[in-house]
There are 2 protein chains.
Amino acid sequence: MVRKSASGRIGIADVAVKAGVSHATVSRVMNGNFTVDPEIAARVRAAAAELKYQPNPVGRSLALGKTDTIGIVVPDLANPTFQAILRGLSRAAAQDGYRVLIADSFEVSSEESILAGEARRRCDGLVLCAPRMSDAELEEIAPSLRPLVLINRTTAAAGVPSLVVDYGQGVQDIAEHLVDLGHSRLAFLAGPPRSASNNLRLQGLEAFKAAHPQVQVTMLEGGSDFNTGHEAVDAVLESGATGILAFNDLVAMGLMSGLHERGLDVPGDISVTGFDDIPFAKYTTPALTTAAVPITELGEQAWHQLRALIRNEESDAPGSRYQPRLEVRASTGPAKAARTAVHG
Amino acid sequence: MVRKSASGRIGIADVAVKAGVSHATVSRVMNGNFTVDPEIAARVRAAAAELKYQPNPVGRSLALGKTDTIGIVVPDLANPTFQAILRGLSRAAAQDGYRVLIADSFEVSSEESILAGEARRRCDGLVLCAPRMSDAELEEIAPSLRPLVLINRTTAAAGVPSLVVDYGQGVQDIAEHLVDLGHSRLAFLAGPPRSASNNLRLQGLEAFKAAHPQVQVTMLEGGSDFNTGHEAVDAVLESGATGILAFNDLVAMGLMSGLHERGLDVPGDISVTGFDDIPFAKYTTPALTTAAVPITELGEQAWHQLRALIRNEESDAPGSRYQPRLEVRASTGPAKAARTAVHG
DNA sequence: CCCCGAGCAGAAAACGCTTTCTTGTTGACC
DNA sequence: GGTCAACAAGAAAGCGTTTTCTGCTCGGGG
């Protein structure tokens with residue numbers, strides 16, 4: 001009848017009693033300390049096995065000052081981009097014996113720093129994913145969150161590496177591709193206003209416009225999901241553009257679906273591009289031209305940076321920059337003769 | 001110069017010293033215990049604020065015997081179904097102040113029980129999502145994992161509620177729908193062999209076949225992702241079926257993409273159905289007919305069941321059963337005249 | 001034969017918090 | 001004015017580990 005007095009669970013004390021040794025010896029055996037007599041060690045191991053003893057990680061964490069857990073804060077777990085990052089992070093961390101705790105801020109930027117703080121205190125490190133908070137706030141709380149790795153955001157705070165995707169370059173590549181196909185009237189379906197990655201895209205487009213003054217680029221309000229694209233059909237048609245750069249693949253899919261409902265052909269009438277190259281992009285009809293971001297790898301790299309920070313506090317990791325790769329598929333094609341605004 | 005001797009972080013002791021009171025009093029104040037003189041409480045609060053004191057959750061967890069964290073074990077974080085469950089679970093748990101720790105078994109069923117045990121020990125409860133392990137193994141470890149909630153799996157072990165989706169009924173509904181459209185030759189693109197939900201679908205199809213002996217139903221090997229569907233085009237065409245039930249929406253999308261490449265029209269030549277109604281299903285071209293599973297709600301309900309278990313150990317929650325809802329869209333249509341096997 | 005170092009295991013402190021137990025003070029009631 | 005209840009705050013005991021410190025025993029060398 002194995003039973004622990006208080007908690008109901010069996011602890012190190014039970015094993016110690018059963019093996020007729022002290023707590024300390026049990027601990028030593030469980031941690032592979034070789035300064036224990038082999039015969040006693042065997043007895044302890046036998047007792048532990050018989051009682052199905054499993055060390056309590058909370059007690060262990062308190063004594064060791066580490067939890068073998070990292071946290072990740074994302075603005076929206078429904079977004080495939082963040083899901084992919086989470087997946088890459090989780091997989092990489094698991095290989096080193098770390099688990100991941102997730103915190104979803106639901107795009108409420110005011111909650112972000114509290115959430116991040118709470119998560120950080122339970123973990124050995126934190127990944128802050130595309131935070132929506134202001135630069136000032138980020139810089140202020142960053143030091144208290146270290147070891148910290150940023151994704152798609154940078155900060156002036158010291159010792160905080162960032163992994164950023166060069167959305168500006170990516171969007172320029174896409175625009176160039178459309179121009180090469182003969183499109184001279186483009187439109188950009190923007191993303192969430194607070195998103196740093198959206199700003200990078202806008203900067204990229206400014207650079208593009210400067211280099212191609214003859215191309216007309218219309219800016220349209222937007223968001224980051226299907227509906228944004230689906231509901232933007234009217235605005236897109238009114239713009240008269242023949243080449244549409246959607247904020248991401250989801251928006252592009254929503255847009256294509258809306259265009260299809262109106263009886264318009266992609267890319268015959270209008271060319272559409274996405275961004276991210278989520279797995280679905282290859283299987284839309286027509287397959288989506290997009291800029292591929294090695295997003296799972298980003299999560300993986302985030303772990304590697306964080307691991308370096310956790311292991312030796314002073315590895316001032318530099319962070320790195322990822323170049324999207326243009327992925328030309330069937331949703332873009334040669335421009336028709338110049339169109340004028342079309343309704344419904 | 002605020003600095004804690006050992007850990008570098010400031011603890012309850014620092015606040016106590018600064019406020020000129022004992023540790024106990026600080027703890028009482030921080031936990032809203034009203035048996036403290038208001039004036040002293042104010043002093044403590046001021047000290048805590050000035051030092052930016054934040055209680056260490058690990059110490060707290062050890063003392064209280066709870067972590068305010070729950071775990072979820074999924075077979076594959078890349079699967080949109082599990083992502084949606086995770087999202088619903090995380091959101092619901094967050095509203096009650098709980099966080100979630102994720103564990104991905106990467107479809108390695110032998111790792112599952114170890115992973116589950118480790119996760120459970122760090123948490124107050126566990127959600128086991130479509131576990132791939134055997135019934136025997138599940139029943140054996142279930143008691144040690146309680147409070148435990150199962151998703152898409154049941155067990156004879158006591159006090160373990162399950163949330164299951166009636167995939168059998170769903171697949172029958174879809175098949176009926178195709179028959180109503182005049183299809184008499186169907187094919188089922190199966191999912192992963194170890195998946196319990198796949199078995200439920202197969203049982204549903206058996207029931208369907210019994211009720212409709214005149215309908216021919218071909219079984220095809222499969223999987224759960226895009227590629228499965230894309231690579232199944234040949235097998236599908238050889239089967240001569242005009243109505244295809246894909247294991248899930250991903251497989252259906254892969255299949256539609258493959259059919260499109262072969263120049264076949266959906267639903268003109270072949271009708272295709274999915275399962276799950278992931279957000280993408282509405283935006284494929286043609287929009288996908290599928291069986292909608294309230295998957296995010298499933299995650300939410302999982303939390304509610306788990307919460308009941310955590311709060312009063314003896315609330316023997318019954319678990320519940322979810323009925324998929326047929327969602328007819330544009331990927332299914334009237335059958336053409338009977339086709340014979342077509343190649344290439 | 002005695003002393004000292006090495007080696008091994010138990011005792012105890014530490015990790016940071018909560019909570020019970022204890023003590024000292026105050027106020028009320030007889 | 002004395003006794004006792006009520007109460008507020010400090011002391012200390014946990015929670016389950018790890019790890020340092022201490023002490024004991026044994027073997028070897030002087």
Side-chain angles (χ1 to χ4, degrees), chain A residues 3-45 47-48 51-69 118 120-124, chain B residues 3-45 47-48 51-69 118 120-124:
Chain A
R3 193 179 310 164
K4 178 62 198 320
S5 51
S7 72
R9 281 189 74 84
I10 59 168
I12 206 172
D14 304 86
V15 180
V17 169
K18 178 140 195 143
V21 298
S22 70
H23 309 207
T25 300
V26 175
S27 173
R28 281 191 267 258
V29 172
M30 298 307 289
N31 292 302
N33 187 322
F34 291 114
T35 72
V36 175
D37 183 283
E39 199 241 333
I40 294 183
R43 213 164 70 219
V44 169
R45 260 186 280 272
L51 296 177
K52 294 198 205 308
Y53 166 69
Q54 306 278 151
N56 177 329
V58 179
R60 207 150 189 279
S61 290
L62 186 59
L64 293 174
K66 69 203 203 76
T67 61
D68 290 343
T69 302
E118 284 183 354
R120 174 61 185 83
R121 258 169 270 129
R122 297 180 181 275
C123 299
D124 299 343
Chain B
R3 192 179 312 165
K4 178 62 196 324
S5 51
S7 72
R9 281 189 76 83
I10 59 168
I12 205 172
D14 305 84
V15 180
V17 169
K18 178 143 195 138
V21 297
S22 70
H23 310 208
T25 300
V26 176
S27 173
R28 281 190 266 258
V29 171
M30 299 306 290
N31 292 303
N33 188 322
F34 290 114
T35 70
V36 174
D37 184 282
E39 197 242 330
I40 293 183
R43 213 166 68 221
V44 169
R45 259 186 280 273
L51 296 176
K52 295 199 204 308
Y53 167 70
Q54 304 280 148
N56 176 330
V58 179
R60 208 153 187 277
S61 291
L62 188 59
L64 292 173
K66 69 202 201 80
T67 62
D68 290 343
T69 302
E118 283 183 356
R120 174 60 186 85
R121 258 168 272 132
R122 298 181 181 275
C123 300
D124 298 344

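Throughout, protein chains are lettered first and strands after them, A, B, ... in sequence-line order, and every chain is numbered starting at 1. Quick note: numbers below take in every heavy atom, side chains included, and nothing from hydrogens, waters or symmetry partners.
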Out of [options], which has the shortest distance to the side chain of [X]?
X	options	value
A:Ile40	C:dC17, C:dA9, D:dG16	C:dA9
A:Ala24	D:dG16, C:dA11, D:dG14	C:dA11
A:Tyr53	C:dA12, D:dT17, C:dT18	D:dT17

query = Under 3.5 Å, is there a donor-acceptor pair between the B:Asn56 and A:Arg122 side chains?
reply =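 B:Asn56 vs A:Arg122: no donor-acceptor pair found between side chains.
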
request  = Report the residue (A:Val58 or A:Thr25) whose heavy-atom-nearest nucleotide on DNA chain D is the more 5′ of the two.
outcome  =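 Nearer the 5' end of the strand: A:Val58.
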
Whole angstrom value for the distance that separates [atom2] of [N] from [atom1] of [X]:
X	N	atom1	atom2	answer
B:Ile10	C:dC15	CD1	P	16 Å
B:Lys66	C:dT19	NZ	P	10 Å
B:His23	C:dC15	NE2	P	11 Å
B:Arg60	D:dG16	CZ	C1'	18 Å
B:Arg43	D:dG10	CZ	C1'	13 Å
A:Gln54	D:dT17	CD	C1'	15 Å
B:Leu62	D:dC15	CG	C1'	4 Å
B:Glu39	D:dC7	CD	P	20 Å

Expected output: side-chain [X] to main-chain [Y] donor-acceptor under 3.5 Å:
X	Y	result
B:Thr69	B:Cys123	no
A:Asn31	A:Arg28	no
B:Arg60	B:Ala63	no

inquiry  = One pair to check against side chain to side chain contact (heavy atoms under 4.5 Å, CB included): B:Thr25 and B:His23. What are the steps and the verdict?
reply    = CA-CA 5 Å; B:Thr25 300; B:His23 310 208; over 6 Å; no

inquiry  = Need one value for A:Val21: base, sugar-phosphate or nothing, where a base atom within 4.0 Å counts as base even if backbone is also close, heavy atoms only.
reply    =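 Sugar-phosphate, backbone atoms only, no base.
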
request  = For DNA chain C, find the residues of residues 26-38 of chain A with a heavy-atom distance under 4.0 Å and give them by number; none if there aren't any.
outcome  =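 Result for residues 26-38 of chain A: A:Arg28, A:Thr35, A:Val36, A:Asp37, sorted by number.
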
Student check: side-chain heavy atoms of B:Pro55 and B:Ile12 closer than 4.5 Å =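 A side-chain contact is absent here, since even the closest heavy-atom pair is not under 4.5 Å.
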
task = Decide side chain to side chain contact (heavy atoms under 4.5 Å, CB included) for A:Glu118 and B:Gln54; before the verdict, give the C-alpha distance in whole Å, the side-chain angles of both, and the deciding distance to 0.1 Å.
result = CA-CA 9 Å; A:Glu118 284 183 354; B:Gln54 304 280 148; over 6 Å; no

